[in-house]
2 protein chains.
Amino acid sequence: MPNTVINTMEEIEEILEERGVRPTTMRLLIYKFLSEKRVALSLKDLENKFDRSDRTTLFRTLKTFEDKGIVHQIDDGSGVNKYAVCALECNCEIENDLHLHFHCNTCNETTCLTDHKIPQISLPAGYSAENVNLVVKGVCEKCS
Amino acid sequence: MPNTVINTMEEIEEILEERGVRPTTMRLLIYKFLSEKRVALSLKDLENKFDRSDRTTLFRTLKTFEDKGIVHQIDDGSGVNKYAVCALECNCEIENDLHLHFHCNTCNETTCLTDHKIPQISLPAGYSAENVNLVVKGVCEKCS
DNA sequence: AAATGAGATGCAACAGAAGTGCATTCTTTT
DNA sequence: AAAAGAATGCACTTCTGTTGCATCTCATTT
């Protein structure tokens, strides 16, 4: 979830270290960029922003962040993976952090609607859920 | 949705013609194959089945079917697009055909749970929904 | 401070899926 | 049968994601 709070570099450094990620300059900048955006970002978005850094570095940074629970990946159906920083309490667990995502067909932006939890879903007998992905597509506030 | 009913070739021919799709031999076979499967199929699945036909033909057949409302596309988060034949009454409209999809992490199969409609979702002011995609991941009946 | 070593970064190359242009073949219509 | 239009097949391109390996950076140890 994109934080509305802007973190200082010192705070970001703490966040990364808490999760066992070495706070390099690039990682701090990438985290800062992600956390300032209200929307989920793709690798391409990072490439455009950090054009002096290599694709691979950005790619691996996202993977590292994901592995360590710093960002979560979003599949909004656009065909490219997007990422948003997790809320503080978020453990990306099925019980407590399954919010829905809204994908705007006009501006192509994907927003985390953290306040909108996914309703309880009943499954047929024999099926067990581990994860739920709910993406609503339409027109966002900005574009309507 | 994969029909449980097996259609005769004559019936399939009617279905295609009703939708304005010329019922060529390949298209009949592809529809038949799709409709006999309980699960959504990828382009690769069709390639494996119809190895004497060209990828492009299969690709374009799926696109044509999708455009004409004969199949619906499913993004189950596996990274590849999958397709399943629509139910008879399905117009892929938000009001009446939004069922959920279940993706099994073990067998990698995606099933349409047509009986499980997507619950009503409330959106913040200014947002309007055109489409909803709900994929539950976990372990299916067969694999549990 | 210099050496060491682990981790981070950059470059190149690859893999898989999706998509397009064009020539050829098939079907339907006249 | 000829013509027109649609379907198919082949080759090629693009885009995203991914990996291997060499190099660089930084923290730690001596």
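To find a chain, count down the sequence lines: A is the first, B the second, and so on, and within it residues start at 1. Quick caveat: nothing in here was measured; it's all calculated off a predicted structure.
Distance alone, capped at 3.5 Å, is enough to place a donor-acceptor pair between the A:Glu11 side chain and the A:Thr8 backbone. Using a distance-only test at 3.5 Å, with no hydrogens or angles considered, no donor-acceptor pair links the side chain of A:Thr57 to the main chain of A:Ser53.
For B:Asp76, the side-chain hydrogen bond (donor to acceptor under 3.5 Å, both in side chains) partners two or more places apart in sequence, or in a different chain, are B:Ser78, B:Lys82, B:His103, B:Thr110. Judged as a side-chain hydrogen bond (donor to acceptor under 3.5 Å, both in side chains), and not counting sequence neighbours, the contacts of B:Asp45 are B:Ser42. Not counting sequence neighbours, B:Glu17 has no partner by the salt bridge (charged side-chain N to carboxylate O under 4.0 Å, His left out) test. Here B:Arg55 pairs with B:Glu47 under the salt bridge (charged side-chain N to carboxylate O under 4.0 Å, His left out) rule; sequence neighbours left out. With sequence neighbours excluded, the residues that form a side-chain contact (heavy atoms from CB on, under 4.5 Å) with B:Thr25 are B:Leu29. For B:Glu66, the salt bridge (charged side-chain N to carboxylate O under 4.0 Å, His left out) partners at least two apart in sequence or on another chain are B:Lys63. For B:Lys44, there are no salt bridge (charged side-chain N to carboxylate O under 4.0 Å, His left out) partners, not counting sequence neighbours.
To the nearest angstrom, C1' of C:dA18 lies 16 Å from CG of B:Asp45. Going from atom CZ of B:Phe59 over to atom P of D:dA11 covers 18 Å, rounded to whole Å. Residue B:Glu47 contributes atom CD, which lies 11 Å from atom C1' of C:dA18 at whole-angstrom precision. Atom-to-atom, CD of B:Glu13 to P of C:dT27 comes out at 13 Å; the value is rounded to the nearest Å. Atom-to-atom, CG of B:Leu62 to P of D:dA7 comes out at 15 Å; the value is rounded to the nearest Å. For the pair B:Leu28 CG and C:dT27 P, the interatomic distance rounds to 12 Å; values are reported in whole Å. Residue A:Glu17 contributes atom CD, which lies 15 Å from atom P of D:dC26 at whole-angstrom precision. Atoms CG (A:Leu46) and P (D:dG17) sit 11 Å apart, rounded to a whole Å.
Between D:dT16 and A:Lys44, a contact under 4.0 Å exists linking OP1 or OP2 to a side-chain N or O. In terms of phosphate contacts, A:Lys63 brings no side-chain nitrogen or oxygen within less than 4.0 Å of OP1 or OP2 of D:dG17. Between B:Asn81 and the phosphate of C:dA17, there is no side-chain N or O to OP1/OP2 separation shorter than 4.0 Å.
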**OP:** Go along nucleotides 5-12 of chain C 5' to 3' and tag each nucleotide: B for a protein heavy atom under 4.0 Å from its base, S when only backbone or sugar atoms are that close, - otherwise.
**Re:** --SSBBBB
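Recorded end-axis angle for the helix from C:dA1-D:dT30 to C:dT30-D:dA1 stands at 10°, based on five pairs per end and rounded to 10 degrees.
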